[in-house]
Amino acid sequence: MAETGGATVLERVRALATELAPGELLPSERTLAAELGVARMTVRGAIDVLEREGLVRTRRGVGTERLPPPVRLPVRLRSFASAVREHGLRPETRVLSYARGTERPAEVSAQLQLDDGAETVHLRRLRLGDDRPLALEDAWLPTMLVPQLDREAAEGSLYELLESLELLPTEGVEVVTAALPNAEEIAMLGIAATYPVLRLTRTALSHGVPVEYSRVTFPADRYELTFPLVERLSLPQS
């Protein structure tokens, strides 16, 4: 990366981006190239690096904006809304679809331990923080456990509802994988086709009873996942 006044172009552009508030724009590539005395292609290369780091995002017709710091999301049984609030963001849920019925993927029936004739509530929701899309979620819950879960209630926290019913999850399994987004995820999450996403599947149980199976897609650049680890040691007998 070209040097400019003892610092690389990348370092200079990173310093400028770091000083911006989330949502503010960097000067144009042409302006930066003139100010730093380098080719526009060199500036473009520096911005590309910062995009991969998740510091900025270039939007066609808008410019290169400073991104908020990633949401640190502990991978454990908890409310998504509470995790967002801890970062000083305003949580919002948009219900994209709501359905009750017996049609569902076989995997859902298996994870929730339901017969084919048992009814589930299926929610498809977009989760946001300060109006910024943070997750696209599909969740299935047994209707007999949450008969009061209507479309209006789905706009709030499912875990707060489960807690009110004394069904707050006490254990579960989560699996996280990485992939490139599909067309719907690109549109709903406002990300580029080349940006990776994290896909999380969760089976949550309350005292041994399955209460939720969900699939959630997160933009990888907006999250920092943390995994609390507990090791059970078998000590040798003395």
Side-chain angles (χ1 to χ4, degrees), residues 71 73-85 89-177 179 181-191 197-219 222-223:
V71 174
L73 186 66
V75 178
R76 62 175 186 262
L77 294 169
R78 63 178 309 188
S79 163
F80 176 88
S82 66
V84 172
R85 289 191 191 100
L89 303 176
R90 175 179 53 82
E92 179 187 352
T93 298
R94 296 178 188 169
V95 180
L96 305 177
S97 65
Y98 172 94
R100 291 188 180 216
T102 58
E103 291 188 12
R104 55 182 171 264
E107 180 182 5
V108 176
S109 295
Q111 294 297 324
L112 293 178
Q113 300 176 22
L114 295 175
D115 295 332
D116 291 343
E119 187 178 89
T120 52
V121 178
H122 175 209
L123 307 174
R124 189 159 180 76
R125 306 191 298 174
L126 182 65
R127 316 302 296 273
L128 304 97
D130 285 354
D131 299 319
R132 187 181 186 214
L134 294 177
L136 184 61
E137 172 193 76
D138 279 282
W140 290 265
L141 299 92
T143 303
M144 66 178 188
L145 296 180
V146 288
Q148 58 277 85
L149 178 54
D150 55 18
R151 191 181 183 96
E152 182 178 357
E155 295 177 354
S157 168
L158 290 182
Y159 276 37
E160 290 176 5
L161 173 63
L162 292 173
E163 184 175 21
S164 72
L165 298 172
E166 299 185 353
L167 290 171
L168 193 65
T170 54
E171 57 188 303
V173 175
E174 290 188 337
V175 178
V176 181
T177 58
N182 59 37
E184 183 184 21
E185 291 163 346
I186 291 167
M188 299 303 302
L189 297 173
I191 56 178
V197 294
L198 300 174
R199 294 204 175 104
L200 180 149
T201 60
R202 168 188 289 179
T203 303
L205 300 89
S206 178
H207 303 287
V209 177
V211 295
E212 176 207 16
Y213 178 73
S214 59
R215 300 171 181 164
V216 189
T217 301
F218 303 102
R222 298 175 196 174
Y223 283 91

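Rounding to the nearest 0.5 Å gives a distance of 6.0 Å between CG of Asp130 and CZ of Arg90. Here the OH atom belonging to Tyr213 is positioned 11.0 Å from the OG atom belonging to Ser109, to the nearest 0.5 angstrom. Taking OG1 of Thr102 as the reference point, atom CG of Asp116 lies at 8.0 Å (rounded to 0.5 Å).
A donor-acceptor pair under 3.5 Å is formed between the side chain of Arg100 and the backbone N or O of Pro147. Side-chain N or O atoms of Ser157 include one that pairs as donor or acceptor with a backbone N or O of Glu160 at under 3.5 Å. Side chain of Arg151 to main chain of Val95: a donor-acceptor pair is present (N/O by atom type, distance under 3.5 Å, no hydrogens or angles). The backbone N or O of Ala118 sits nowhere less than 3.5 Å from a side-chain atom of Asp115 that would complete a donor-acceptor pair.
For Gln148, the CD atom counts as densely surrounded, since its 6.0 Å shell holds more than 12 non-hydrogen atoms of other residues, nucleotides or ligands.
When every heavy atom of Pro142 is checked against every heavy atom of Pro210, the shortest pair comes out as CG-O, 3.9 Å. Among all heavy-atom pairs drawn from Pro219 and Ile191, the shortest one is CB-CG2, 4.0 Å. Between Leu136 and Leu189, the closest heavy-atom pair is N-CD2, 3.9 Å.
Trp140 is listed as a side-chain neighbour of Leu112, based on a closest heavy-atom distance under 4.5 Å. Thr203 has its side chain within reach of Leu205: a pair of non-hydrogen atoms, C-beta onward, lies under 4.5 Å apart. Between Leu123 and Leu158, some side-chain heavy-atom pair lies under the 4.5 Å cut-off. The side-chain heavy atoms of Arg94 and Leu128, taken from C-beta on, include a pair separated by under 4.5 Å. By the 4.5 Å heavy-atom criterion applied to side chains, Leu162 and Leu145 are not counted as neighbours.
For the pair Arg215 and Glu137, the salt-bridge criterion is not met [side-chain N within less than 4.0 Å of a carboxylate O]. Using a 4.0 Å cut-off between a side-chain N of Lys or Arg and a carboxylate O of Asp or Glu, Arg125 and Glu92 do not qualify as a salt bridge. A salt bridge links Arg199 to Glu185: one of the charged nitrogens lies within less than 4.0 Å of a carboxylate oxygen.
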For the pair Val176 and Thr201, evaluate side-chain contact (heavy atoms from CB on, under 4.5 Å) and give the outcome as yes or no after the intermediate values.
CA-CA 7 Å; Val176 181; Thr201 60; over 6 Å; no

For Thr93 and Arg127: C-alpha separation, side-chain torsions, deciding distance, then whether side-chain hydrogen bond (donor to acceptor under 3.5 Å, both in side chains) applies.
CA-CA 5 Å; Thr93 298; Arg127 316 302 296 273; 3.0 Å; yes

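Partner of Leu141 under the side-chain contact (heavy atoms from CB on, under 4.5 Å) criterion, chosen from Val211, Thr120, Leu149: Leu149.
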